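Treat the numbers as computed from the prediction; the structure is a model and nothing was measured. In what follows, every chain begins at residue 1, and chains take the letters A, B, ... in the order their sequences are listed.
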Number of protein chains: 2
Amino acid sequence: MQELPVNRIIQGDCVSIMEGLPAGSVDMIFADPPYNLQLRGELKRPNESVVDAVDDDWDRFESMEAYDAFTRAWLTAAQRLLKDSGTLWVIGSYHNIYRIGAVLQDLGFWILNDVVWRKANPMPNFRGRRLTNAHETLIWCAKAEDAKNYTFNYEALKALNDDLQMRSDWLLPICSGGERLKVNGRKAHSTQKPESLLYRVMLTATRDGDIVLDPFFGTGTTGAVAKRLGRRFIGVEREDKFCRLAQARIGRVRTLPPEDRVITPPKRQQTRVPFGMIVERGLIEPGTHLHDYQRRHTARVRADGSLVCADATGSIHKIGAHVQGAPSCNGWTYWHVDVEGRLAPIDIFREQVRSELGGL
Amino acid sequence: MQELPVNRIIQGDCVSIMEGLPAGSVDMIFADPPYNLQLRGELKRPNESVVDAVDDDWDRFESMEAYDAFTRAWLTAAQRLLKDSGTLWVIGSYHNIYRIGAVLQDLGFWILNDVVWRKANPMPNFRGRRLTNAHETLIWCAKAEDAKNYTFNYEALKALNDDLQMRSDWLLPICSGGERLKVNGRKAHSTQKPESLLYRVMLTATRDGDIVLDPFFGTGTTGAVAKRLGRRFIGVEREDKFCRLAQARIGRVRTLPPEDRVITPPKRQQTRVPFGMIVERGLIEPGTHLHDYQRRHTARVRADGSLVCADATGSIHKIGAHVQGAPSCNGWTYWHVDVEGRLAPIDIFREQVRSELGGL
DNA sequence: TGCCTAAATGAATCACGTG
DNA sequence: TCACGTGATTCATTTAGGC
């Protein structure tokens, strides 16, 4: 069997390079392909600054058909490369992930899970025309329907999650700060992924020493995390500048000693429960009247969780402050509901919801 | 124009029934199509009890091609039914959502967001071979790329989320307890959705009195929430037993009084008040001087509502932009009048006029 | 050095009505 | 259909800068 170019970055087109490697030789493939964003004009923040959007050549496609053909080509090559026990991960957004999911099902890949990366700090929607696009989607799949012997480190992920089964929604920050590669003070790559994401992916679906291939290597996050966790990597990247950047980056990474390749579970933070959730779930009906504990002030709850008091409307906190003439107010403890003649602070409903959510 | 069968459940095949309704007549479509689950054999819990999984006739398809054809058929009929300003919501899991997303993009629907419903209490993965499947995906899309005038209640959703922009990941419980319809002690429908999910969907993308169609009505969650929120519904359901179940359920629902359905109104939808009207009504006299909040710039009001600043004249917006050297400016919030030594934004006069006009 | 405030920034399919 | 004017719009973090 041909020797695999392990722990190396290969420059060139990923399809032809994958076709030149021996079939059935790779344990996992992680792919972060172009998203085909199709951005129109420039976007400004409310303060008039311009958003530094993705406008790279590698994200331009003639048409959706061209994108689908590109997707089919690299997924076909990837499928051939995988061991029968191997799995593939692809990450994307709503612009491209439905194309990719459909094509990989057509090719016979078998989806094991889709995973939602919930961004802790996403870019807001500046024009107020849509929801904040706060997540990206990963598809995790086996080579075929009958490939049952894939690696899934159930116990490790459970340990990572406070001894609860790991769910399909992962809350992780975006890549920023010191981790973000810069060239001349500007971001080196427009779509660098956080190492924590790759860390969790590899902890989920690879074993020590496994071979992980990334056909869209970019700045080499896959390689950096693979090296740190004692996995072997093969990076394929078209652009020379990224190859050199990734090479230098990975050179700086140190492999953890085997006994340290387990991390302590992240601290669970208290779930934020907006007042609207209390209304939405019917614990307080729209139209209910709220009172302060002395019944000096009364406000009415609307369908979207805002309050009305005389001619003022706003959040429980804003209206609480308003009626008191105070600069601020904790609406959760200020406002009460009348339960059979007795006043109960609305905070009890928040506690109820929190206990039902169980720390999510 | 043909009369729409509003607030009714129509029994039959959703494609032929939608084809019989007038084109361009519906504000929103919410669809929860069969998931094409492809379960192999029965699933047992660790204690050997059998999981009551989805194995209904309506969820069986001969092949992926048959599912795609079915998807294309109902989405085509749905697109025809929508008003140009209407939006479509589809919910699915990884088994079917990639097929649906690809088909709807092929048909020209324009994705606005995909939304992740994070289940607060999902079913665990009993075999420990995958991640807990803890979410489902909703795709929200407009009828076409150029349909920009869809309803999005940005301010209401912000209110619902404690004055922060609503994100694309929604944490909501599954449908259980008293909300879950039962027949002879067993769940009446295998995939009943929680009312809180529909509540948020309708709060996001419909206005009072809008017409909401659901081609896979099932137990009628869409109809129940529509009735409660003062929206009109059209339910299409193939099975007689579900039609009757939904009919009875919706009969028990009470519509919220109009004053409780009110949500924080979109600013863009408010009556446009030109600055000239402020001058015309004597709220600001011609000759008055306006200042920015730091008193760095001053402009004089003329009789027609235009401003003069040095040698430049124009609207409050143009002159505001001009003095700042900015490309654009909201003059309503930029310019202030001096009221006994304190600066007040001219927007307060607009609000005064608006309240006097009474929403005309 | 340390603390507080201001500025910068991230995979973004980001107006609309009137004439 | 097009041109133009009005006017609506941001969250979590990190980094830089002032004192």
- Message: Distance alone, cut at 3.5 Å: any donor-acceptor contact between the side chains of A:Thr219 and A:Arg249?
- Response: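 Result is yes, a qualifying pair exists.
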
- Task: Answer with yes or no whether the side chains of B:Asn161 and A:Arg272 bring together a donor and an acceptor at under 3.5 Å.
- Result: yes

Measure [atom1]/[X] against [atom2]/[N] and give the value in whole Å, please.
X        : N      : atom1 : atom2 : result
A:Arg130 : C:dC14 : CZ    : P     : 5 Å
A:Arg129 : C:dA12 : CZ    : P     : 19 Å
A:Ile174 : C:dA8  : CD1   : C1'   : 12 Å
A:Asn133 : C:dG10 : CG    : P     : 16 Å
B:Phe152 : D:dA8  : CZ    : C1'   : 14 Å

- Could you tell me whether A:Lys119 atom NZ has more than 12 heavy atoms of other residues or ligands within 6.0 Å of it? yes

- Message: Has A:Glu179 got a side-chain atom pairing as donor or acceptor with A:Cys175's backbone, closer than 3.5 angstrom?
- Response: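 No: the side chain of A:Glu179 does not pair with the backbone of A:Cys175.
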
- Do the charged groups of B:Asp27 and B:Lys83 touch, with an N to O distance under 4.0 Å? yes

- Query: Any salt bridge between B:Lys158 and B:Asp163, counting N to O under 4.0 Å?
  - Reply: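 Here B:Lys158 does not pair with B:Asp163 in a salt bridge, since their nearest N and O are not under 4.0 Å apart.
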
- Item | Validation row, ring centre A:Phe216 to ring centre A:Trp74 under 6.0 Å |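 So the answer is yes for these two rings.
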
So, OP1 or OP2 of [N]: does either fall under 4.0 Å of a side-chain N or O from [X]?
X        : N     : result
B:Arg350 : D:dA8 : yes
B:Lys267 : D:dT9 : yes
A:Arg127 : D:dG7 : no

- Item | Donor/acceptor link under 3.5 angstrom from A:Arg45 side chain onto base of C:dG10 | yes

- Does a distance-only test, which skips hydrogens and angles, find a donor-acceptor pair under 3.5 Å between the side chain of A:Lys119 and the base of C:dA11?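 No, the side chain and the base share no sub-3.5 Å donor-acceptor pair.
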
Indicate, with a heavy-atom threshold strictly under 4.0 Å, whether [X] touches base, sugar-phosphate, or nothing.
X        : answer
B:Cys329 : base
A:Ser93  : nothing
B:Leu112 : nothing
A:Trp58  : base

- Note on the structure: 5'-most contact on DNA chain C (nearest-nucleotide basis), B:Phe109 vs A:Gly185, goes to A:Gly185

Distance between the [atom1] atoms of [N] and [M], in whole angstroms?
N      : M      : atom1 : value
D:dA12 : C:dC14 : P     : 23 Å
D:dT9  : C:dA11 : P     : 25 Å
C:dA8  : D:dT10 : C1'   : 13 Å

- Message: For DNA chain D, report each stem as range with range, ordered by first number, or say none. Use Watson-Crick or G-U wobble pairs under 3.5 Å, at least 3 in a row.
- Response: C:2-10 with D:11-19, C:15-19 with D:2-6

- Considering only C:dA12, C:dG10, D:dT6, which nucleotide approaches the side chain of B:Arg272 most closely? D:dT6

